[in-house]
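The chains referred to below are lettered A, B, ... by the order of the sequence lines, with proteins before strands, and numbering in each begins at 1.
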Protein chains: 2
Amino acid sequence: MKNISKEDYLSEIYKNSDENGQVKANLIAEKLQVSNAAVTDMLKKLKREGQIKYEPYRGVELTSKGKEYAKNMVRRHRIWEVFLHQIVGLPWDKVHDEAHHLEHSGSDELINKMEEMLNFPQFDPHGDPIPSKLGIVPEQKHNVALSNLKQNQKGVVIRVNDFDNNFLIYISQIGIKLKKEIKVCEVLNFDKSILVEIDGKKNNLSRTIAENIFVEIKK
Amino acid sequence: MKNISKEDYLSEIYKNSDENGQVKANLIAEKLQVSNAAVTDMLKKLKREGQIKYEPYRGVELTSKGKEYAKNMVRRHRIWEVFLHQIVGLPWDKVHDEAHHLEHSGSDELINKMEEMLNFPQFDPHGDPIPSKLGIVPEQKHNVALSNLKQNQKGVVIRVNDFDNNFLIYISQIGIKLKKEIKVCEVLNFDKSILVEIDGKKNNLSRTIAENIFVEIKK
DNA sequence: AATAAAATTTAAGGATACTTAAGTTTGTAT
DNA sequence: ATACAAACTTAAGTATCCTTAAATTTTATT
Ligand SMILES: [Mn+2]
Ligand SMILES: [Mn+2]
Ligand SMILES: [Mn+2]
Ligand SMILES: [Mn+2]
């Protein structure tokens, strides 16, 4: 087990790439909670290994080799999440932290066996796509942040951000889960919070919460 | 996850303690496949932390703190083994290597949940005892190495050593598993190999193989 | 184009966990 | 009691992954 850090860097670069596949060094530092200097160090190592394209002061970009590695890590993480949720019965607010450690252990054969056991899931418990053994990433339904909906629009939850456990616990409590329909009743001009209806019950969601829930807009 | 090495040292000290709880430094080096010098280094660190009693040139001994930590690691390892065997369906020759990595990840809560799911198993797939949450180690039935049996004695397999996958694959192939009865038909003076009967079929086992299978002697 | 601010790298250093080679201590054999 | 080999530790050095502080490059502002 020598590559835990490297693997985390590669995953994070993959997950934070923009449309052109570029990432800023400092964004990686922030996501991984390390200093900018640590990132520079690691980027040099990853470049030496041919995992990334990197010129000092410019952004970072995965090479095809690096992207393959990164996608496999994301795959491992998300399969662990589904496994922990469906087989072990952990709630969706617990699986990310456990998977973050487990993703670095267990052979690829074990991951493949778990995937088969789970009947080849396409998405993790938060709606994120799971790259296949061959590196193919399932297409998401077209979705937008709930905060973008106008009054009286309805959306079906496709994905939620998984990095804050309390956020996940909270939205579960008010009935939000994948595939649930949410109707926006009112957008408050005061603080841009929104009043939504879920299962016939009304709730006020802060803008920040609404920005972390992604829905397919229903006509 | 910063303690992987330390955890491996503690487990190994625990598993290799003699009747007086003592272990020789070089035995740890051999088991962990590192240099003797590396062991000396780590022993100093573990002593500083109060996990072991250690005086240079004398043996090592776990303190109660160290023993508690070590037993928990052994518990984690063995629960992972049972889980991988029973839930994921891995054969007994695959579980040790996977568990050796997984034992360092996953919260204690996850381990406890898996244990419950497995209905609190007392022994792992190789017959090794699983310490409880409270640190209580289940008693093994009295057993001896198969190599100690005399001609015409019968034994029931209680435990097998799990550190060599090919050994496990081989003995599975000839029908040996936990609870299986084995009869010693003949001990060959030539090389101390033994002729055994399993399910009515005869097989010759080398002394080395017989030394790694432990049986309860049947009258 | 000059200047200031922001982003990023370099420099120096620390902890962990190894390595090999060179001592030191211990126990055994004569 | 001495000598010697085996067991063990110390010394010196390496790789990884991190830190803070200082320097540099880029970018935005005037
Ligand atoms: Mn996740
Ligand atoms: Mn993760
Ligand atoms: Mn094992
Ligand atoms: Mn192990």
Using a cut-off of 4.0 Å between protein heavy atoms and nucleotide atoms, how would you tag nucleotides 10-20 of chain D 5' to 3' with B, S and -? BB----SBBBB
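Here B/Arg58 reaches the OP1 or OP2 of C/dG27: one of its side-chain N or O atoms lies under 4.0 Å away. For the OP1/OP2 pair of D/dA7 and a distance below 4.0 Å, the side-chain nitrogens and oxygens of B/Asn26 include no atom meeting the criterion.
A distance of 12.5 Å separates CZ of A/Phe120 from CE of A/Met117, quoted to the nearest 0.5 Å.
Between the side chains of A/His96 and A/Asp124, no donor-acceptor pair of N or O atoms lies under 3.5 Å.
A side chain to side chain donor-acceptor pair (under 3.5 Å) with A/His77 is found for exactly one of A/Glu7, A/Glu103, A/Lys15, namely A/Glu103. When each of A/Asn143, A/Leu149, A/Ile158 is paired with A/Val215, the side chain to side chain contact (heavy atoms under 4.5 Å, CB included) condition holds for A/Leu149 and for no other.
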Under the side chain to side chain contact (heavy atoms under 4.5 Å, CB included) criterion, do B/Lys133 and B/Asp108 qualify, and how do the steps go? CA-CA 9 Å; B/Lys133 217 178 300 187; B/Asp108 280 346; over 6 Å; no
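Using a 4.0 Å cut-off between charged side-chain N and carboxylate O, A/Glu49 and A/Lys6 make a salt bridge.
Rounded to an integer number of Å, the gap from CD of A/Gln22 to P of C/dT8 is 12 Å. As a whole-Å value, the separation of A/Leu43 CG from C/dT10 C1' is 14 Å.
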